[in-house]
*Asks:* 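Take a look at the following structure, please.
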Amino acid sequence: MTASQQIDQLIAGLTDWRGKTLAGVRKAILEVDGEIIEEWKWMGSPVWSRDGMIAVGNAHKDKVKLTFSHGASLPDPEKLFNAGFGGKVWRAIDLSEGDALDERALKDLVRSAIDYNQGKKEKKKVPSGA
């Protein structure tokens with residue numbers, strides 16, 4: 001099974017609000033850039049990547065968590081990040097039942113994550129001493 005098929009299966013198995021929420025998050029992320037790839041990691045977590053990891057999605061009992069791997073380095077003018085402030089790198093968006101997701105702001109965060117990843121990739125190409 002491909003990663004996308006595994007994510008489809010996960011969402012289909014979540015018959016409550018969490019499935020709809022995760023499906024909406026996934027749709028918004030994939031709409032940002034046609035080169036975003038879906039991966040299946042850590043024994044059952046959907047991951048979205050482009051030139052490096054963008055975010056990991058997880059459905060928990062009481063929330064859907066979207067964790068950005070370099071969230072602490074991303075601008076968040078709409079204050080979507082509401083979890084994961086204890087660390088120096090990751091930031092998360094916890095969505096509870098009934099929460100409305102600002103899709104435009106999420107897409108802006110995804111674009112920022114791609115820009116961040118591409119900036120890291122470019123730095124690796126520059127020879128040392130240049």
*Asks:* Take Thr21 and Leu101 through the side-chain contact (heavy atoms from CB on, under 4.5 Å) test and state the conclusion after the steps.
*Replies:* CA-CA 9 Å; Thr21 300; Leu101 178 64; over 6 Å; no
*Asks:* Would you name the heavy atoms of Asn117 and Gly52 that are closest together and state the gap between them?
*Replies:* ND2-O, 3.0 Å
*Asks:* Please check this pair: side chain of Ser96 against backbone of Asp99, looking for a donor-acceptor N/O pair closer than 3.5 Å.
*Replies:* no
*Asks:* Surrounding NZ of Lys20 (heavy atoms of other residues, nucleotides or ligands, distance under 6.0 Å), is the total greater than 12?
*Replies:* no
*Asks:* Test side-chain contact (heavy atoms from CB on, under 4.5 Å) on Glu39 and Trp48 and set out the steps.
*Replies:* CA-CA 6 Å; Glu39 299 173 280; Trp48 294 277; over 6 Å; no
*Asks:* Do the side chain of Arg91 and the main chain of Gly84 share a donor and acceptor less than 3.5 angstrom apart?
*Replies:* yes
*Asks:* Side-chain heavy atoms nearer than 4.5 Å, only ILVMFWY residues, links allowed to pass through others: does that put Val64 and Met53 together?
*Replies:* no
*Asks:* Using a 3.5 Å distance criterion without hydrogens, assess whether the side chain of Arg18 forms a donor-acceptor pair with backbone atoms of His60.
*Replies:* yes
*Asks:* Which atoms form the tightest heavy-atom contact between Ala59 and Leu14, and what is the distance?
*Replies:* CB-CD1, 3.5 Å
*Asks:* Where is the tightest heavy-atom contact between Pro75 and Leu109, given as atom of each residue plus distance?
*Replies:* O-CD2, 3.3 Å
*Asks:* Which heavy atom of Thr15 sits nearest a heavy atom of Ala12, and at what distance?
*Replies:* CG2-O, 3.8 Å
*Asks:* Give a yes or no on whether Val32 and Ile37 share a hydrophobic cluster (residues Ile, Leu, Val, Met, Phe, Trp, Tyr; joining criterion: side-chain heavy atoms under 4.5 Å apart).
*Replies:* no
*Asks:* Locate the shortest heavy-atom distance separating Asp94 from Asn82; write the atom from each residue and the value.
*Replies:* N-OD1, 2.7 Å
*Asks:* Apply the test side-chain contact (heavy atoms from CB on, under 4.5 Å) to residues Leu66 and Leu80: give CA-CA distance (whole Å), side-chain angles for both, the deciding distance (0.1 Å), then the verdict.
*Replies:* CA-CA 10 Å; Leu66 184 63; Leu80 287 184; over 6 Å; no
*Asks:* Report whether Ile54 and Val56 are members of the same hydrophobic cluster (ILVMFWY, side-chain heavy atoms less than 4.5 Å apart, transitive linking).
*Replies:* no
*Asks:* For the atom pair CZ (Arg111) and CG (Leu106), what is the distance rounded to the nearest 0.5 Å?
*Replies:* 9.5 Å
*Asks:* Would a single hydrophobic cluster contain both Leu95 and Val47, if residues Ile, Leu, Val, Met, Phe, Trp and Tyr are joined by side-chain heavy-atom contacts under 4.5 Å?
*Replies:* no
*Asks:* Does this structure show an ion pair linking Arg104 with Glu78, if we count only N-O contacts that are shorter than 4.0 Å?
*Replies:* yes
*Asks:* Could you check whether any side-chain heavy atom of Trp40 comes within less than 4.5 Å of a side-chain heavy atom of Pro46, counting everything from C-beta outward?
*Replies:* yes
*Asks:* Determine the minimum heavy-atom distance between Tyr116 and His70, stating which atoms define it.
*Replies:* CE2-CG, 3.2 Å
*Asks:* How long is the straight-line distance from CD1 of Ile11 back to NZ of Lys27, given to the nearest 0.5 Å?
*Replies:* 12.5 Å
*Asks:* Kindly compute the distance separating CZ (Arg50) from CD1 (Ile36), expressed to the nearest 0.5 Å.
*Replies:* 7.5 Å
*Asks:* Determine whether Ile93 and Trp90 fall in the same hydrophobic cluster, where Ile, Leu, Val, Met, Phe, Trp and Tyr are linked whenever their side-chain heavy atoms lie under 4.5 Å apart.
*Replies:* no
*Asks:* Going by the angle between their ring planes, with limits at 30° and 60°, are Phe68 and Phe81 parallel, tilted or perpendicular?
*Replies:* perpendicular
*Asks:* Is it true that Arg26 and Glu38 have a side-chain N and a carboxylate O under 4.0 angstrom from each other?
*Replies:* yes
*Asks:* Report, as yes or no, whether the 6.0 Å neighbourhood of atom CD on Gln9 holds more than 12 heavy atoms from other residues, nucleotides or ligands.
*Replies:* no
*Asks:* Give a yes or no answer on whether the side chain of Gln118 reaches the backbone of Asp115 with a donor-acceptor pair at less than 3.5 Å.
*Replies:* no
